[in-house]
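All remarks here apply to the structure that follows.
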2 protein chains.
Amino acid sequence: MMKYSRQREAIKEYLMERRDHPTAEMVYRDVREANPKISLGTVYRNLSLLVSLGEIQKICCGDGVERYDANVSPHYHYHCTCCGRVMDVPPEQAPPSPIRLREDFPEEVEGCTVLFHGTCRDCKEKSEKTG
Amino acid sequence: MMKYSRQREAIKEYLMERRDHPTAEMVYRDVREANPKISLGTVYRNLSLLVSLGEIQKICCGDGVERYDANVSPHYHYHCTCCGRVMDVPPEQAPPSPIRLREDFPEEVEGCTVLFHGTCRDCKEKSEKTG
DNA sequence: GCAATAATAATAACCATTATCATTATAAGA
DNA sequence: TCTTATAATGATAATGGTTATTATTATTGC
C-alpha cells in the first residue's frame, strides 16, 4: 500500500512544469530549493516509482545519463550530441508513428521509442563563429 | 595515424559473425578464447573507436548495458524487457523509416534510432508454464 | 635493423545509480 | 486523539559499467 509523500509530489510537480527533460541531478538541484533536506536517493527512488506507475517516462539517449519527461503521450525526441540537450520533436513535424508492426512479427510490441540525433542549430551557429 | 591491431580485427570479426548484439562483456568473454591476453579496456577502447569510425553501431536500450552491432545499415531493434535480449526487426515487417523530418524542423537530423520493446514470445511462454 | 609512436595489458579511478538501514512520516483503527 | 503498523525518508555505502592512467609491447616508415 502506497503512502503519500511530499517529496514525491514535489518531484512530479517539478517535472510537469518543465518543457525540457531534466536529469535526476537537475531534479535534485531544483527540488532542493523548496525541500532543502531531500536526498538524492529519494529523487532516484521516486523517479523510478513514477516511471513504473506510468506517470512519467525515462528517456535514454546513450550518453550515460537518464532524462525524465512528465509527458507520457507518445512523441519523438531529438538529442543534440554536441550540447547534450534533449528536445521534443513537434508532433506536426514528426513522421507517422512506427509503433505498430505487422501481425507476423512474432514478438509482442508494448511500445516504441524514436530518437533523432544531430548537432542542434545553436551548436552549429557557435561552431561557425569559433571557426 | 592509425596502426593495425590484431585485437581490433578480432573484435570486428567477432561482431560481424554474430546475429545478436553482444555487450562489451560478451565480446571480452568470447574474443578472449582466441586471444587470452586481451584486456577488457582494449575491448572498450576498440568498440568506441569502431563506433566513431562508423564501422559498428552502439545500441542503447536503457537497461544500463550497451550493445554493439556490426550491421550499420538502418534497421530497427526489439528489446525484450524480460530476458534483456535485443533482436533485429525484420525489415519487411518494419514500418517505413521516420528518419526524415520536414524542412521546417530547425535542428539538423543526422540519424534516428527506433527501438521497440515488450515481452518476447519465449518469455511469454515461460511465464504461462510457470503459471 | 632502428627510431618513432600507436596500441596494449593491467589496474585504478570515475560516476550514475542502487541498496542498506536507522529514523521519520503517513494511514487506519481503537 | 493516542497507538500501532509500515511505507518513505535521509544519509551513506556499495555496485557495476565504463573510462583514464601508465609502463610496456607491437607496428610502421626509413
Side-chain angles (χ1 to χ4, degrees), chain A residues 1-15 20-53 55-69 79 81 83-86, chain B residues 1-15 20-53 55-69 79 81 83-86:
Chain A
M1 171 256 202
M2 197 166 108
K3 289 182 179 172
Y4 171 87
S5 126
R6 184 172 35 79
Q7 291 88 337
R8 180 160 55 242
E9 187 126 317
I11 290 166
K12 177 84 186 288
E13 275 177 8
Y14 169 74
L15 275 181
D20 61 347
H21 309 93
T23 64
E25 201 67 45
M26 290 173 185
V27 175
Y28 177 55
R29 170 167 45 75
D30 293 343
V31 167
R32 198 159 44 152
E33 286 180 13
N35 302 263
K37 287 184 65 185
I38 198 171
S39 97
L40 183 56
T42 297
V43 171
Y44 273 106
R45 193 172 349 95
N46 280 297
L47 287 172
S48 297
L49 182 58
L50 290 168
V51 167
S52 65
L53 290 172
E55 296 186 28
I56 66 174
Q57 71 170 134
K58 188 158 83 168
I59 307 167
C60 172
C61 33
D63 65 349
V65 201
E66 305 289 337
R67 286 154 176 90
Y68 297 89
D69 186 352
H79 177 221
T81 48
C83 64
R85 280 189 302 167
V86 173
Chain B
M1 170 258 203
M2 196 165 106
K3 288 181 180 173
Y4 170 86
S5 124
R6 185 172 36 80
Q7 291 88 336
R8 180 161 55 242
E9 187 125 316
I11 291 167
K12 177 83 186 288
E13 275 176 10
Y14 169 74
L15 276 181
D20 61 347
H21 309 94
T23 64
E25 201 68 44
M26 290 174 186
V27 175
Y28 177 55
R29 169 165 48 74
D30 294 343
V31 167
R32 199 160 42 152
E33 286 179 15
N35 303 262
K37 288 184 63 184
I38 198 172
S39 99
L40 184 56
T42 298
V43 171
Y44 273 106
R45 192 174 349 96
N46 280 296
L47 286 172
S48 298
L49 182 57
L50 290 168
V51 167
S52 67
L53 290 172
E55 296 186 26
I56 66 175
Q57 71 171 133
K58 187 158 83 166
I59 306 167
C60 172
C61 32
D63 65 349
V65 201
E66 304 290 337
R67 288 155 177 89
Y68 297 88
D69 187 351
H79 177 220
T81 47
C83 64
R85 280 189 302 168
V86 173

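Just so we're clear, the structure is a prediction, and the values are computed from it rather than from any experiment. Residue numbering restarts at 1 for every chain, and letters A, B, ... go by the order of the sequence lines.
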Nearest heavy-atom pair of [X] and [Y]: which atoms, and what distance?
{"X": "B/Met26", "Y": "B/Tyr14", "result": "O-OH, 3.9 Å"}
{"X": "B/Asn35", "Y": "B/Ala10", "result": "ND2-CB, 3.8 Å"}
{"X": "A/Leu40", "Y": "A/Tyr28", "result": "N-CE1, 3.5 Å"}
{"X": "B/Cys60", "Y": "A/Cys60", "result": "SG-SG, 2.5 Å"}
{"X": "B/Arg67", "Y": "B/Gly84", "result": "NH2-O, 2.9 Å"}

Close side-chain approach of [X] to [Y], heavy-atom, < 4.5 Å:
{"X": "B/Leu47", "Y": "B/Glu66", "value": "no"}
{"X": "B/Leu50", "Y": "B/Ile11", "value": "yes"}
{"X": "B/Arg8", "Y": "B/Glu55", "value": "no"}

Polar-atom pairs under 3.5 Å, protein N or O versus N or O of nucleotides 21-24 of chain C: list them with distances, or write none.
none

Distance below 4.0 Å between A/Tyr44 side-chain N/O and C/dT17 OP1 or OP2: yes
Axis deviation across the helix from C/dG1-D/dC30 to C/dA30-D/dT1, five-pair ends, to the nearest 10°: 40°
Any residue meeting ring pair (Phe, Tyr, Trp, His ring centres under 6.0 Å) with A/His79, in chain and number order, not counting sequence neighbours: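 Applying ring pair (Phe, Tyr, Trp, His ring centres under 6.0 Å) to A/His79 gives none.
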Under 3.5 Å: donor-acceptor pair, side chain of A/His21, backbone of A/Val86: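 Pair found, side chain donor or acceptor close to backbone of A/Val86.
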Range on DNA chain D touched by chain A, heavy atoms, distance below 4.0 Å: D/dA5 to D/dA11
Could you list all N or O pairs between the protein and nucleotides 6-9 of chain C that sit under 3.5 Å apart?
from  : atom 1 : to      : atom 2 : distance (Å)
C/dA6 : O4'    : B/Lys3  : NZ     : 3.4
C/dA6 : O3'    : B/Lys3  : N      : 3.3
C/dA7 : OP1    : B/Lys3  : N      : 3.1
C/dA7 : O3'    : B/Ser5  : OG     : 3.4
C/dT8 : OP1    : B/Ser5  : OG     : 2.6
C/dT8 : OP1    : B/Asn46 : ND2    : 3.1
C/dT8 : OP2    : B/Arg45 : NH1    : 2.3
C/dT8 : OP2    : B/Asn46 : ND2    : 3.4
C/dT8 : O3'    : B/Gln7  : NE2    : 2.9
C/dA9 : OP1    : B/Gln7  : NE2    : 3.3
C/dA9 : OP1    : B/Lys37 : O      : 3.1
C/dA9 : OP1    : B/Ile38 : N      : 3.4
C/dA9 : OP2    : B/Ser39 : N      : 3.1
C/dA9 : OP2    : B/Thr42 : OG1    : 2.5
C/dA9 : O5'    : B/Lys37 : O      : 3.4

Touch class at under 4.0 angstrom, heavy-atom based, for A/Glu66 against every strand present: sugar-phosphate
Salt bridge (charged side-chain N to carboxylate O under 4.0 Å, His left out) partners of residues 20-38 of chain A, not counting sequence neighbours, each pair once: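 As it turns out, the salt bridge (charged side-chain N to carboxylate O under 4.0 Å, His left out) pairs with a partner in residues 20-38 of chain A, which skip direct neighbours, are A/Arg18-A/Asp20, A/Arg18-A/Asp30.
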